[in-house]
Amino acid sequence: MDKEMSYGSDYKYIPATSIGSGVGRNVLADLYCHTIQIVNICLVGNPETKEFVLVDAGMPGSAAEIISVTEERFGTDCRPKAIILTHGHFDHVGAIIELVEHWQIPVYAHEMELPFLTGEKSYPEPDSTVEGGMVAKMSPLFPNEPINLGNHVNQLPHDGSIPHLPGYKWIHTPGHSPGHVSFFREEDRALIVGDAFVTVKQDSLYKVLTQQQEMNGPPRYLTTDWQTAWKSVKKLEALNPSVAVTGHGLPISGEPLTTGLRKLANEFDRIAIPDYGKYVDGNLH
Ligand SMILES: [Zn+2]
Ligand SMILES: [Zn+2]
């Protein structure tokens, strides 16, 4: 754990927010979700045992907020056992280097996401021409260069288990990014989705700002393989989750989740896939 880490040269603070920013929610006794500007992080684990992990690492510049939220829930000087990433987009790894340095803990991600986390490969440019709203239009601002976590990042075990997160399995849900994963606990059918689907229309500035709940596909401006993204939504729907925390938007549970996810899985082409955009046509079969 001594290799130097770095963000990409296009790394920067992004001035976008929502009314949910700074708000935390107890979704389950051992699942806490907190919104950083426009993205959610999760603290998974029981506050009594103090055994927990952090899922995703927020927006650029949010390390102090993430540390204070963590200490509020688990106690001063408590630290997660690991950071588990759903994927490596800038809004999910924004504070990761400061967090790894502060806590001295390992990071885990799917092996197909590692090139974007070890400085090898940039994500495709965000598509500002995609059908959608103001957030899509401002997406050229978003960093897409890889960060480099060096030997601090490890691949998730092939057997589906997640280090330091007993009871959960990772599920490969590509399409939004190649190594995108979601986390599912069979026992109570809790699902940590990442961006495989979200509960807010993430390309619309107004709907992001107000966090108007609306079951939707992955954020449009960064999704590059829509047919694969559709398959991933069907895979998650088949799990029949009872509660879902998404990377963007409010947590959702019960009937609205079941109905909304079924509708999204059935009508993904109508609801989620944009009518136009540079990553749309190439994926039509
Ligand atoms: Zn993403
Ligand atoms: Zn995201």
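Because the structure is a prediction, the values reported are computed rather than measured. Note that the numbering runs from 1 along the sequence shown for the chain. Ligands are counted one by one from 1 in listed order, and the atoms in each one are counted from 1 as well.
- When distances from the Zn ion (ligand 2) to the N, O or S atoms of Asp91 are compared, OD2 comes out shortest.
- Panel note: side chain Trp226, backbone Arg220; no donor-acceptor pair is recorded below 3.5 Å.
- At a threshold of 2.8 Å, the Zn ion (ligand 2) has no backbone or side-chain N, O or S atom of His87 nearer than that distance.
- For Glu98 and Tyr7, the side-chain atoms include at least one donor-acceptor pair closer than 3.5 Å.
- Taking the N/O/S atoms of Asp195 in turn, the shortest distance to the Zn ion (ligand 1) belongs to OD2.
- Here the side chain of Gln37 pairs a donor or acceptor atom with the backbone of Ile14 at under 3.5 angstrom.
- Leu117 and Val39 end up in the same hydrophobic cluster when Ile, Leu, Val, Met, Phe, Trp and Tyr side chains are linked at under 4.5 Å.
- Between the ND1 atom of His89 and the NE2 atom of His176, the angle centred on the Zn ion (ligand 1) amounts to 90° when rounded to 10°.
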